[in-house]
Amino acid sequence: MKDKDTLDHCIQQFRDAIDETQEERDTAEQCRDYYDGKQWTDDEIEALQKRGQPVIVSNRIAPKVNALIGFEKRGRTDPKCYPRTPKHDAEADAATDALRFVCDQTRFNVSKSGVAENSIVAGCGAVTVTVVPDDKGEFDIKINHVPWDRFYRDPHSRQRDFSDAKYMGVVVWMDEAELYERFPDAEESIKSSYGGDSDDVGDTYEDRPRFMWADSARKRVRVMQHYYKEGGVWHTAIFCRGGYLREPQLSPYLDDKGQPECPLIAVSAYVDRENRRYGAVKAMLSAQDEINKRRSKALHRLTMRQVVAEDGAVENVAQAKADLQAGE
């Protein structure tokens with residue numbers, strides 16, 4: 001596949017991921033807002049304020065989610081390798097020590113908790129497992145948590161671990177100066193990102209609060225770290241709307257059979273019939289609305305001063321209301 005065709009193909013995959021997961025991402029954003037205590041819309045708040053009704057938020061979701069995260073932390077175990085035969089005991093112990101060292105060095109527990117929270121609230125979470133060279137010419141393993149609103153994936157994937165996905169990726173926004181420093185040979189691609197179409201590619205992955213391929217005012221560009229299968233083999237590329245920042249290549253990470261592998265590891269809590277990912281919070285939204293609206297209405301009724309009288313009990317209704325008000 002030619003480079004231009006490959007770039008168009010990668011951009012189209014990103015657009016497909018945005019278009020076909022919009023409902024899923026809307027629900028994830030709502031779940032995140034409810035967890036953070038933002039449980040009334042602006043229109044609902046305006047309507048309540050007009051009638052003098054209090055805006056009550058009795059957040060039952062946050063304690064539940066925090067308890068689930070606590071269960072994850074309490075149930076943590078250290079990795080351990082077991083030998084297949086008694087003569088491999090020493091090798092298994094060495095592998096166990098290596099795994100535990102990597103987990104400690106990469107603060108794996110922090111990344112694991114981040115993925116757990118994303119899965120419970122938004123529906124899915126991810127990490128990247130990569131290596132970077134150090135000053136001594138050796139390599140350090142890095143396990144980095146990918147926030148749910150920076151992860152995109154093949155919308156046709158059905159497996160909870162995305163093992164059947166044909167592509168996945170990470171969206172980041174980078175300052176123009178940093179891009180020139182990291183990709184000095186991609187100046188034309190960076191500049192071209194400010195031109196072209198201004199199509200809506202969703203607001204989940206935007207540099208808040210705008211959505212576009214680049215922000216000319218702040219000199220920031222949307223960058224995709226894209227992993228995709230071509231001919232059944234994982235490839236990777238880094239691109240922006242204007243072109244490649246790093247040309248497509250075979251993934252440098254290999255599996256136990258020596259085949260290129262995707263370093264982006266993702267998981268989802270639940271998957272519905274339409275392949276939409278969702279977490280435990282989705283089932284709590286309706287009940288949370290009922291609690292807030294019932295308590296708001298009850299408090300409004302309790303604080304309202306009302307009089308029930310038969311027709312003709314007072315000569316002047318307006319004067320009676322004024323007298324009642326003055327007597328408060």
Give a yes or no on whether [X] and [Y] share a hydrophobic cluster (residues Ile, Leu, Val, Met, Phe, Trp, Tyr; joining criterion: side-chain heavy atoms under 4.5 Å apart).
X	Y	value
Val171	Val127	no
Val121	Val115	no
Phe139	Tyr253	yes
Ile61	Leu68	yes
Phe162	Ile120	no

Kindly say whether [Y] contributes a backbone atom to a donor-acceptor pair with the side chain of [X] at under 3.5 angstrom?
X	Y	result
Ser163	Gln159	no
Ser268	Arg277	no
Asp272	Arg276	yes
Asp134	Glu138	yes

Donor + acceptor pair across side chains of [X], [Y] (<3.5 Å):
X	Y	result
Asp164	His156	no
His9	Thr6	no
Gln22	Asp26	yes
Arg241	Ser193	no
Ser113	Glu72	yes
Asp140	Gln105	no
Tyr35	Asn66	yes
Thr236	Gln225	yes
Asp43	Thr41	no
His226	Tyr152	yes
Ser189	Arg246	no
Asp185	Tyr244	no

Flag side-chain contact, heavy atom, 4.5 Å: [X] against [Y]:
X	Y	answer
Gln39	Asp33	no
Asn109	Arg76	yes
Met284	Lys64	yes
Asn118	His145	yes
Glu187	Leu179	no
Leu254	Glu261	no
Trp173	Val223	no
Pro54	His300	yes

>> Using the ring centroid of each side chain, check whether Phe14 and Tyr228 are separated by less than 6.0 Å.
In response: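 Not under 6.0 Å, so no.
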Between [X] and [Y], which heavy-atom pair has the shortest distance, and what is it?
X	Y	value
Ser296	Ile56	CA-CG1, 3.7 Å
Val281	Cys31	CG1-CB, 3.6 Å
Asp16	Pro155	O-CG, 4.0 Å
Phe183	Ile190	O-CD1, 4.4 Å

> Got a sec, which residues hit ring pair (Phe, Tyr, Trp, His ring centres under 6.0 Å) with Phe101, two or more places apart in sequence or on another chain?
Replying inline: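 In terms of ring pair (Phe, Tyr, Trp, His ring centres under 6.0 Å), with neighbours along the sequence ignored, Phe101 is linked to no residue.
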>> So, taking the atom named OG1 in Thr106 and the one named CD1 in Ile143, what distance separates them when rounded to the nearest 0.5 Å?
In response: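 Thr106 atom OG1 to Ile143 atom CD1 measures 3.5 Å (nearest 0.5 Å).
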> Between atom SG of Cys103 and atom CD1 of Ile141, what is the distance when rounded to the nearest 0.5 Å?
Replying inline: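 Output value for this atom pair is 9.5 Å.
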State whether [X] and [Y] are salt-bridged, where the test is any N-O pair (Lys NZ or Arg NE/NH1/NH2 against Asp/Glu carboxylate O) under 4.0 Å.
X	Y	answer
Arg153	Glu24	yes
Arg100	Asp104	no
Arg25	Glu29	no
Glu117	Arg32	yes
Glu44	Lys293	yes

>> Can you tell me which residue among Gln288, Glu290, Arg295, Arg294 is in a side chain to side chain donor-acceptor pair (under 3.5 Å) with Asn292?
In response: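 One option only clears the test, and that one is Gln288.
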> Residues two or more places apart in sequence or in another chain: which of them pass salt bridge (Lys or Arg N to Asp or Glu O under 4.0 Å) with Asp175?
Replying inline: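 Result, salt bridge (Lys or Arg N to Asp or Glu O under 4.0 Å) vs Asp175: Arg220.
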> Under 6.0 Å from the six-membered ring centre of Tyr82 and within 45° of its axis: does the NZ or CZ of Lys80 meet both?
Replying inline: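 Pair Lys80/Tyr82 counts as cation-pi.
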